[in-house]
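These notes are about the structure you will find just below.
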Amino acid sequence: MTAPATPPRARFAPSPTGYFHVGSARAALFNWLFVRRHGGTFILRIEDTDEARNRPEWTEGIVAALDWLGMEPDEGPYLQSAQEVAHQAAIEALWSAGALYACSCTRQEIDARIKARAAAGDPTPGYDGHCRDLGLARGDGRALRFRTPDEGVVPVRDLVRGDVEFPLRALEDFICVKGNGKPLFVLANAVDDRTMTISHVIRGEDQLPTTPRQILLWNALNEAEQAALDLPSYAHLPLLVNESGKKLSKRRDPVAVEMYREQGYLPDAFRNYLALLGWSPGDQEILPVETLIERFRLEDVQRSPAYFDVKKLSHFNGVYIRALPVDRFTAAARPWLDPVPGEWAPGRWRDPDTGAPATVPPPWPEDRFDAHTFASLAAVTQERVAVLGEVPGLVDFLFLPDTPEDPDSWQKAVASDHEAPRILETALAHYETCPWEVDALHRVTLTIAESVGRKLGKAQAPIRVAVMGHTRGLPLFDSLVVLGRDETRRRIAAALSRLPPAT
RNA sequence: GGCCCCAUCGUCUAGAGGCCUAGGACACCACCCUCUCAAGGUGGCGACACGGGUUCGAAUCCCGUUGGGGCUGCCA
């Protein structure tokens, strides 16, 4: 039951939408985990048959996102739009077998009849079979409907949900060929699964209601084509929802994988987190992908919806960042600090709907960044960020020509502290001669603190803000050492000049 | 409205009749550590939706109720 008899062939079949949806990423991941677990084939198929909304670069975006997440397909990308021959053959076969009929009803007519029916007390929804036995010819912009049986049920055997039955009396004669002769999703999807010999269909739960239609079509195709292709196994994954329990919507939820990438989430962390949405590897959650693959079972997938929790994602990301060797961290942060021309960098992506960027560029002039300087503080930076996009904010003081502007910090730690001028003046004096290394600075500053009767933690604040700009940030003395004696003193002096003289 | 799915801490989950005075993780709170902030450590708060069955015994099985969600397009 668990292990497929033969290596599975599973497909991830997104439709291009302009960005990669986290729900799609999760569906892709579960397909990928399953296939890797059983030594099967991971197939990417782009469902691009809707000519109205479809652009080549959107397909590139899907490929790029999968690549980023380390889930390159074994086959594909296949374009559904390239399967036209197979689609037309299927339509012909179904038509010849009498499984289809032409329908000339307009949406308005159908709706009017539904309304009339409801008024008469008949709650049966959907199409009423008006054209079913009219023997209408094809063409003339007529859609083709599938003749669904009126009685019985369609059983769907689902690896996640168990057996589900759909009563046929609630299933209308659905359209599967548009008036222009093109197949609709429900048909194209089934046909492609046949031609690609898909063994497992792993997709979102929102697809569950269309499954009985596809099964009907599959069986009709078997009959019409004198074939005996086995139905694929189905597995419908729980939906990803927002804080109000609704399906993640592009309107108001942050769903673009590209956005998370730009904010500085690591692909491994992102993928690890995604794996936990609707599935659990056990008490330990942060695990190497090999372990995830090893433990993954469709049967263990949760049936209830999962909330996409950015906070937990961020925690995971922080753990992954801290686990990096320093040089790998430094390299990983590079695009946010000093983009390499021609290589991927944040800032290019814009939300297709709002036009909003996911990150802001570094605040310093390009030529002021120095890789060596950053490297000397990389280790202490690494411990303090949850996402790579936070890195520039921690090291801005190093590359800006002057102390970063932060009015709140200035007000809190300098302007409103009556001891600040004294502390800064003393520091300015002591820092002129003391050895320029961490321990010495620590000792000297401690002395300054004691001279004003304060703990070091309280006394360092004005100095920190005068030099680094913010009340919170990297360890002060490490930072001063890297900044240098002269620049440190220059900034302290500059801060003093903004203040009324000490009394 | 019709059809379908779902129901354990705020959130993600462990749990497949006794191992459960329900475990872990995130978040939150407190304390410790500490030059700020993080990180780390310790502790705390916190859940089996409700009602009936079945059973010696139910978070686990059955039924119902309630609640939530999905689908219901000549979109995919």
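Hydrogens, waters and symmetry mates are skipped; everything else that's a heavy atom, side chains included, is used. Here is the naming used below: chain letters follow the sequence lines, and residue numbers restart at 1 for every chain.
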### Message
Roughly how many Å apart are B:rU13 and B:rC75, using the C1' atom of each and rounding to a whole number?
### Response
34 Å
#### Entry: Side-chain donor or acceptor of A:Tyr265 paired with backbone N/O of A:Val257 under 3.5 Å
no
### Query
Just by distance, with hydrogens left out, do A:Asp173 and A:Tyr101 show a side-chain donor and acceptor under 3.5 Å apart?
yes
### Query
Heavy atoms, side chains only, cut-off 4.5 Å: are A:Val156 and A:Ile215 in contact?
yes
### Task
Look at A:Arg303 and B:rC5 and indicate whether a side-chain polar atom (N or O) is within less than 4.0 Å of OP1 or OP2.
no
#### Entry: Any side-chain donor near an acceptor of the partner, A:Asn189 and A:Arg11, under 3.5 Å
yes
## Note on the structure
Of B:rC71, B:rG24, B:rC4, the nucleotide closest to the side chain of A:Pro167 is B:rC4
### Message
To the closest 0.5 Å, what do you measure between CG (A:Leu187) and CG (A:Asp192)?
### Response
9.0 Å
### Message
Over 60° means perpendicular and under 30° means parallel, so tell me whether A:Trp279 and A:Phe30 are parallel, tilted or perpendicular.
### Response
perpendicular
### Task
Rounded to the nearest angstrom, tell me the gap between atom NZ in A:Lys250 and atom P in B:rC75.
17 Å
### Message
What contact category does A:Phe166 fall into here, base, sugar-phosphate, or nothing, at under 4.0 angstrom with non-hydrogen atoms?
### Response
sugar-phosphate
### Task
Answer with yes or no whether the side chains of A:His236 and A:Thr211 bring together a donor and an acceptor at under 3.5 Å.
yes
### Task
Could you tell me whether A:Ile175 contacts a base, only the sugar-phosphate backbone, or nothing, with contacts defined as non-hydrogen atoms closer than 4.0 Å?
base
### Message
Taking the C1' atom in each of B:rA25 and B:rC61, what is the distance between them to the nearest angstrom?
### Response
30 Å
### Short side-chain N/O contact from A:Lys115 to OP1 or OP2 of B:rG1, under 4.0 Å
no
### Spatial distance of atom OH (A:Tyr307) from atom CG (A:Leu277) [nearest 0.5 Å]
10.5 Å
### G-U wobble or Watson-Crick pairing nucleotide for B:rA38 (cut-off 3.5 Å, both distances)
none
#### Entry: Donor-acceptor contact present, side-chain A:Asn272 to main-chain A:Ile286, <3.5 Å
no
### Task
Could you tell me whether A:Gly126 contacts a base, only the sugar-phosphate backbone, or nothing, with contacts defined as non-hydrogen atoms closer than 4.0 Å?
nothing
#### Entry: Nucleotide opposite B:rC75 in a Watson-Crick or G-U pair, distances under 3.5 Å
none
#### Entry: Candidates B:rG70, B:rA76, B:rC6 - which lies nearest the side chain of A:Asp206
B:rG70
### Query
Taking atom P of B:rG68 as reference, at what distance in whole Å does atom CG of A:Asn242 sit?
15 Å
### Query
Counting any heavy atom closer than 4.0 Å, what does A:Leu474 reach on the DNA or RNA strands: base, sugar-phosphate only, or nothing?
base
### Query
Hey, is the side chain of A:Arg322 poking within less than 4.0 Å of OP1 or OP2 on B:rG40, counting only N and O atoms?
yes
#### Entry: P-based separation of B:rC48 from B:rU11 [nearest Å]
12 Å
### Summary
Against the side chain of A:His315, the closest entry in B:rC5, B:rC4, B:rC26 is B:rC26
## Note on the structure
Under a 3.5 Å limit on both distances, the Watson-Crick or wobble mate of B:rU60 is none
### Task
Nearest whole angstrom, please: distance from the P of B:rC26 to the CG of A:Asp283.
12 Å
### Task
To the nearest Å, give me how far apart CD1 (A:Ile286) and P (B:rU13) are.
16 Å
### Heavy-atom donor-acceptor pair, A:Arg213 side-chain to B:rU72 base, under 3.5 Å
no
### Query
When all nucleic acid strands are considered with a 4.0 Å heavy-atom cut-off, which category describes A:Gly278: base, sugar-phosphate, or nothing?
sugar-phosphate
### Query
Using a cut-off of 4.0 Å on non-hydrogen atoms, how would the nucleic acid contact of A:Pro475 be classed: base, sugar-phosphate, or nothing?
base
### Message
Let's test this: given Watson-Crick or G-U wobble pairing with both distances under 3.5 Å, identify the partner of B:rG17.
### Response
none
### Query
For atom C1', what is the distance between B:rG10 and B:rC33, given to the nearest Å?
29 Å
### Summary
Testing B:rG70, B:rC35, B:rC12 for proximity to the side chain of A:Tyr307, the answer is B:rC12
### Task
Please measure how far the P atom in B:rA7 lies from the corresponding atom in B:rA39, and state the result in whole Å.
34 Å
### Query
Are OP1 or OP2 of B:rC74 and a side-chain N or O of A:Arg107 less than 4.0 angstrom apart?
yes
### Task
Have a look at A:Gln80 and say if it touches a base, only the backbone sugar-phosphate, or nothing, with a 4.0 Å heavy-atom cut-off.
sugar-phosphate
### Task
Describe the nucleic acid contact of A:Glu243 in one word from base, sugar-phosphate, nothing, applying a heavy-atom distance below 4.0 Å.
nothing
### Task
Could you let me know what B:rU55 is paired to, Watson-Crick or G-U wobble, both distances under 3.5 Å, or none if it's on its own?
none
### Query
P atom, B:rG43 versus B:rA58: distance in rounded Å?
33 Å
### Query
Considering only side-chain heavy atoms of A:Ser280, which listed nucleotide, B:rC71, B:rA14, B:rA38, is closest?
B:rA14
### Task
Using the P atom on both, measure B:rG52 against B:rG73 and round to a whole Å.
41 Å
### Task
Check every atom of B:rC5, B:rC35, B:rA14 against the side chain of A:Gln302 and return the nucleotide holding the closest atom.
B:rA14
### Message
Counting the atoms with a prime plus P, OP1 and OP2 as sugar-phosphate, which does A:Gly457 contact under 4.0 Å by heavy atoms, base, sugar-phosphate, or nothing?
### Response
sugar-phosphate
### Message
Under 4.0 Å, counting only non-hydrogen atoms across every strand here, what does A:Asp478 touch: a base, just sugar-phosphate, or nothing?
### Response
base
### Task
Please determine if a side-chain N or O atom of A:Lys246 lies less than 4.0 Å away from the OP1 or OP2 oxygen of B:rG70.
no
## Note on the structure
A:Met468 atom CE is separated from B:rC35 atom P, nearest whole Å, by 15 Å
### Task
Rounded to whole angstrom, note down the P distance from B:rC35 over to B:rC29.
23 Å
### Message
Would you say A:Lys311 places a side-chain N or O within less than 4.0 Å of OP1 or OP2 belonging to B:rA27?
### Response
no
### Query
Looking at A:Thr49, does any N or O in its side chain come under 4.0 Å of the phosphate oxygens OP1/OP2 on B:rA76?
yes
#### Entry: Of the listed nucleotides B:rA25, B:rU13, B:rC35, the one nearest the side chain of A:Ala306
B:rU13
### Distance below 4.0 Å between A:Gln284 side-chain N/O and B:rA14 OP1 or OP2
no
### Message
Against the six-membered ring of A:Tyr127, is A:Arg145 placed for a cation-pi contact (under 6.0 Å from the centre, within 45° of the normal)?
### Response
yes
### A:Lys312 vs B:rG10: side-chain N/O to OP1/OP2 distance below 4.0 Å
no
### Task
Find which nucleotide of RNA chain B each of A:Asp163 and A:Glu285 is nearest to by heavy atoms, and output the residue with the more 5' nucleotide.
A:Asp163
### Task
Could you check whether A:His442 gets within reach of a base, just the sugar-phosphate, or nothing at all, counting any heavy atom under 4.0 Å?
base
### Message
Regarding A:Leu276, tell me which of base, sugar-phosphate or nothing describes its non-hydrogen contacts under 4.0 Å with the strands shown.
### Response
sugar-phosphate
### Message
Classify A:Ala170 by what it touches in the nucleic acid, base, sugar-phosphate, or nothing, heavy-atom distance under 4.0 Å.
### Response
sugar-phosphate
### Summary
Of the candidates B:rA76, B:rU36, B:rG70, the side chain of A:Glu47 sits closest to B:rA76
### Task
State the pairing partner of B:rA7; accept Watson-Crick or G-U wobble contacts with both distances under 3.5 Å, and report none otherwise.
B:rU66
